[in-house]
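All figures in this text were calculated on a predicted structure; none of them were measured in a lab. Excluded from the calculations below are hydrogen atoms, water molecules and symmetry mates; all remaining heavy atoms, backbone and side chain alike, are included.
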Amino acid sequence: MAGFEPGTAAEQRFNVNLSILFTELPLLERPAAAAAAGFTAVELWWPWVDSPTPEQSELDALKKAIEDAGVQLTGLNFYAGQLPGPDRGALSIPGEESERFRANIDVAADFAQSLGCGALNALYGNRVEGVDPEEQDALALENLVLAARAADRIGAILLIETLNKPESPLYPLVTAPAGAGVVDKVNQATGLDNARFLMDLYHLSMNDEDLPQVIERYASRTGHVQIADNPGRGAPGTGSLPLEDLLGRLRKAGYEGWVGLEYKPGDRPSAEAFGWLPAEARAAR
């Protein structure tokens, strides 16, 4: 597998998404596995897909596992329903799911704060048959404002993510302009200016967007970047995306934040899925 040049890789700050990598291990063993692979930073989807408000003992156990591994939690999703699975978020879905999202806001924010995590990701949610999209968007804005205020309370940013239409046909944010537009609405509504675009290069490429143009236009509003190759959502070098070049463009455009490794390891242990990244470039600087 072709790898990144050491010099280029050294310019980035990488973290490992423990909800898609190392999933062959129990949740509490994944932080140590990431550390053993040479990484010092991790991110997570909301780990308790059935519960926006897990027992404090469960939160404490995960906090201890992260601390004991010596890794930094740099990103956390709010409750998003069954993910992976049929759901793509909860905050725009009227009724019980919206209520579950609201119940999760302070739980997720407090957990993030306890680990010095500075970014919270709020997945928008699918369109619901029989519900007016405008009603969903109004509910989404209400809930995103609450989430942005909670993020501000702990000194964090709120991330809003674009997915891709082939894999998430009911998700309304499937272009960079759509995602960035919601970011602008949230910042306008709160006056906090802490909402940012989550630029996932895999999802954007699945939407056939012009990635250099997206980078040029939205890098200044981007709070986090995630990568996987395309096709296949595998490690860099398994597909045809010029990820090294794209990350270089992001750097030149002024992006200095985290690059989340959110790809599938393939038919091998996750520890073997990082050959593309020089060992000396894995520890965050």
Side-chain angles (χ1 to χ4, degrees), residues 19 44-53 75-109 112 119-153 156-200 202-204 206-207 209 218 221-224 226 262:
S19 299
L44 281 163
W45 302 341
W46 184 248
W48 300 278
V49 296
D50 295 318
S51 177
T53 54
L76 177 68
N77 282 18
F78 287 107
Y79 169 79
Q82 297 290 322
L83 186 76
D87 300 331
R88 297 290 185 270
L91 62 90
S92 68
I93 298 174
E96 186 179 339
E97 279 299 89
S98 170
E99 291 168 12
R100 286 160 75 89
F101 176 83
R102 290 189 185 195
N104 173 249
I105 289 175
D106 282 334
V107 177
L120 290 160
N121 182 26
L123 283 166
Y124 201 82
N126 289 328
R127 290 301 193 208
V128 179
E129 188 175 352
V131 179
D132 185 343
E134 289 188 10
E135 180 188 335
Q136 283 198 258
D137 290 340
L139 176 62
L141 186 58
E142 283 181 33
N143 283 334
L144 286 167
V145 164
L146 295 174
R149 288 178 179 150
D152 180 68
R153 171 173 65 80
I157 59 171
L158 174 71
L159 297 170
I160 294 163
E161 182 173 7
T162 294
L163 302 182
N164 75 76
K165 196 167 184 67
E167 293 175 322
S168 304
L170 300 178
Y171 192 82
L173 307 183
V174 291
T175 66
V182 172
V183 167
D184 292 344
K185 284 181 184 174
V186 174
N187 284 332
Q188 187 174 11
T190 65
L192 297 171
D193 194 38
N194 70 332
R196 295 289 182 271
F197 181 47
L198 195 166
M199 186 185 291
D200 186 310
Y202 166 74
H203 288 310
L204 294 168
M206 284 284 287
N207 291 325
E209 295 202 51
Y218 297 110
R221 280 185 271 175
T222 296
H224 187 48
Q226 291 173 332
E262 196 184 60

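Minimum interatomic distance between A103 and T53 (heavy atoms only, all atoms of both residues): O-CG2, 3.6 Å. Nearest approach of L120 to A108, heavy atoms of both residues: CD2-O, 4.1 Å. Between P94 and V131, the closest heavy-atom pair is CG-CG1, 4.0 Å. The shortest heavy-atom contact between P86 and N126 is O-ND2, 3.3 Å. Taking every heavy atom of both residues into account, L91 and A122 meet most closely at CD2-CB, 3.7 Å. In this structure, A150 and I105 approach most closely via the heavy-atom pair CB-CG2, 3.4 Å.
Distance check: T162 OG1 to Y171 OH gives 7.0 Å after rounding to the nearest 0.5 Å. To the nearest 0.5 angstrom, R88 atom CZ is 9.0 Å from L170 atom CG. To the nearest 0.5 Å, atom NZ of residue K185 and atom CD1 of residue I160 are 10.5 Å apart. Once rounded to the nearest 0.5 Å, the distance linking CG of N104 with CG of N143 reads 11.0 Å. Here CG of L139 is found 9.0 Å from CG of L144. Values are rounded to the nearest 0.5 Å.
Side-chain N or O atoms of T222 include none that pairs as donor or acceptor with a backbone N or O of H224 at under 3.5 Å. Here the side chain of W46 pairs a donor or acceptor atom with the backbone of S51 at under 3.5 angstrom. A donor-acceptor pair under 3.5 Å is absent between the side-chain atoms of Y124 and the main chain of G89, judged by distance alone. Judged by distance alone, with hydrogens and angles left aside, the side-chain atoms of N187 form a donor-acceptor pair with the main-chain N or O of A195 at under 3.5 Å.
Listed by first then second residue, pairs satisfying salt bridge (Lys or Arg N to Asp or Glu O under 4.0 Å) with a partner in residues 128-140 read R127-D137, not counting sequence neighbours.
Contact check for L163 versus L123: side-chain heavy atoms found under the 4.5 Å cut-off. P166 places a side-chain heavy atom less than 4.5 Å from the side chain of N207.
Every residue meeting the side-chain hydrogen bond (donor to acceptor under 3.5 Å, both in side chains) condition with Y202, not counting sequence neighbours, appears here in chain and number order: E167. F78 pairs by the ring-ring contact (aromatic ring centres under 6.0 Å, His included) definition with F101, not counting sequence neighbours. Among residues two or more places apart in sequence or in another chain, the side-chain hydrogen bond (donor to acceptor under 3.5 Å, both in side chains) test is passed with S19 by none. Under the rule for a side-chain hydrogen bond (donor to acceptor under 3.5 Å, both in side chains), the partners of N77 that lie at least two apart in sequence or sit in another chain are N121. Shown here are the salt bridge (charged side-chain N to carboxylate O under 4.0 Å, His left out) partners of R196, two or more places apart in sequence or in another chain: D193. Listed by chain and number, the residues in a salt bridge (charged side-chain N to carboxylate O under 4.0 Å, His left out) with E209 amount to none (sequence neighbours excluded). Scanning for side-chain contact (heavy atoms from CB on, under 4.5 Å) contacts around A119 gives I157, L159, with sequence neighbours left out. Remark: L192 engages R149, D152, T190, N194 in a side-chain contact (heavy atoms from CB on, under 4.5 Å) (not counting sequence neighbours). The side-chain contact (heavy atoms from CB on, under 4.5 Å) search around I93 returns E97, V128, Q136, not counting sequence neighbours. Residues forming a side-chain contact (heavy atoms from CB on, under 4.5 Å) with D184 (at least two apart in sequence, or on another chain): R221. Not counting sequence neighbours, E161 has no partner by the salt bridge (charged side-chain N to carboxylate O under 4.0 Å, His left out) test.
Between R100 and Y79, the side chains place a donor N or O and an acceptor N or O closer than 3.5 Å (distance only, hydrogens not considered).
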Could you walk me through whether V186 and L141 pass the side-chain contact (heavy atoms from CB on, under 4.5 Å) test, one step at a time?
-> CA-CA 7 Å; V186 174; L141 186 58; 4.0 Å; yes

